[in-house]
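Whatever order the structure lists them in is the order used to number ligands and atoms, beginning at 1. Small disclaimer: the values here were computed from a predicted structure and weren't measured.
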Amino acid sequence: MSIKKSSAIWGGRFEEKPSDIMEQINASIDIDKRLHKQDIAGSKAHAEMLAAQGIISTEDNKAIQKGLDQIRDEIENGAFEFRTALEDIHMNIETRLKEIIGDAAGRLHTARSRNDQVATDFRLWVREACDILMEKLEIYQATLEKLSSQHEDTIMPGFTHLQVAQPVTLAWHLGAYREMAQRDKSRFEDCRKRLNECPLGAAALAGTGFSIDRAQTAKTLGFDKPTANTMDSVSARDFANEFLFACAQAGLHLSRLAEEIILWCAPQFGFVTLSDQWSTGSSIMPQKKNPDAAELVRGKTGRLNGNLITLMTVMKGLPLTYNKDQQEDKEPVFDSFDTLCLCLEAMTGMLSSATWHTDKMRKAAESGYATATELADWLVRELDLPFRDAHHITGQIVKLAEEKGCKLDDLPLEDMRAVDSRITEEIYTALNIESAVNSRL
Ligand code: ARG
């Protein structure tokens, strides 16, 4: 009877091939092929170190380096054939290496396991992702700063409870988002700093008996140092969770601005018009110009939050050390990276091409009794009233203006004096919207 032996790299003790469904559930190549650059860099560093330590020969190392360079070129040129039967990126590359250089390929995995290999690849990938996102956040910030510098004098209502509260400038309002972006950036910086330790050498979980040089591989790959504990090295994924949180939080901030843009685009606000490039039409209502990009930025926070919860849930309760569950770590991370890149680019494009209706903003600030706090402060300063009394008097004056359907600074002096006879003409300087803004911002 002929036995169909497994041809998998790990198949020494296996007599049967995996079932098709087993192959399907086990394979991660469609996802983790995005780690190819990191996997090749990690393998090259590992082989160099093995040769330097005399664990493999110089000739074998040379062949391995050359073969890996060729594979990198093949992948970059689209000539590489990724095979599902070879499970993941690590085995796809190693198998191809064997085809190219023969038996020397089998020496590459000395003193290494896929467990420390994937942990290393993934840290390298997330590290680069942090760098890219920090750069994109900076571009987004620069757009906010440029807009702010153009709108130092653009007066608009500041809101609490979405009710007109006090007059502010558009520059100040956008400046708030600049601060958020600054903190978002620092979260990626922080995440990058903490993840920058090299798991290579942890092997499967317990290290290796070969006299490897972990400091060398760490240095070659740009890590600050090797990780301290081999078991933690192969099982830790908190760096990925941190990254996912940083993405979710940055996305959440973008969604708040997106929401404001959506509101401001509505004719009821009319503060801003998005360029045609950043809007869509309706298939039935010809008059519509919809802020779809902003809505999608708002909507995509759903998947950013979801990705964080996905990995937190995958990792919860896993016993040390590596478990195959952890193969589920990459998809959410890749997706959050792609999503946040897209959202940052969309917000940057949308903001820099929008038309701001400064007249509408000013009108809204003037019509919402936005200087009522100034009036109360004037009563405190000039008449030495306790603030609570001043607040009460101002409330009565606002009510009067409301009844007359006029702005605060259009309310005749005798009406104000009917509420409190100590009020003088001087009050109107406090009600001027510019001076109200200038005295505070
Ligand atoms: N594809 C695997 C992953 O992403 C690589 C590690 C496999 N390790 C193992 N012991 N089966 O997690």
Starting from [atom], which protein heavy atom do you reach first, and at what distance in Å?
atom                    : result
atom 2 (C) of ligand 1  : Gln327 OE1, 3.2 Å
atom 10 (N) of ligand 1 : Asn115 OD1, 3.0 Å
atom 5 (C) of ligand 1  : Asp88 OD2, 3.5 Å
atom 7 (C) of ligand 1  : Tyr322 OH, 3.5 Å

On the ring face of Tyr369, is Lys407 found with NZ or CZ under 6.0 Å from the centre and within 45° of the axis? no

Out of Glu328, Met91, Arg114, Arg237, indicate the one that has the non-hydrogen atom closest to atom 11 (N) of ligand 1. Arg114

Verify the ring-centre separation between [Y] and [X]: is it less than 6.0 angstrom?
X      : Y      : answer
His151 : Trp172 : no
Phe243 : Phe188 : yes
Phe82  : Phe80  : yes

Under 4.0 Å to a heavy atom of Ser28 - the qualifying atoms of ligand 1, by number: 1 (N)

Can you tell me if His90 contacts ligand 1 (heavy atom of the residue under 4.0 Å from the ligand)? yes

Please confirm whether Lys330 approaches ligand 1 to less than 4.0 Å, judged on its heavy atoms.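 The answer is yes: ligand 1 sits under 4.0 Å from a heavy atom of Lys330.
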
Derivation of the side-chain hydrogen bond (donor to acceptor under 3.5 Å, both in side chains) call for Lys324 and Asn26: CA-CA 9 Å; Lys324 197 63 177 257; Asn26 201 32; 2.8 Å; yes

Enclosure of Glu135 CD (heavy-atom neighbours >12, cutoff 6.0 Å): no

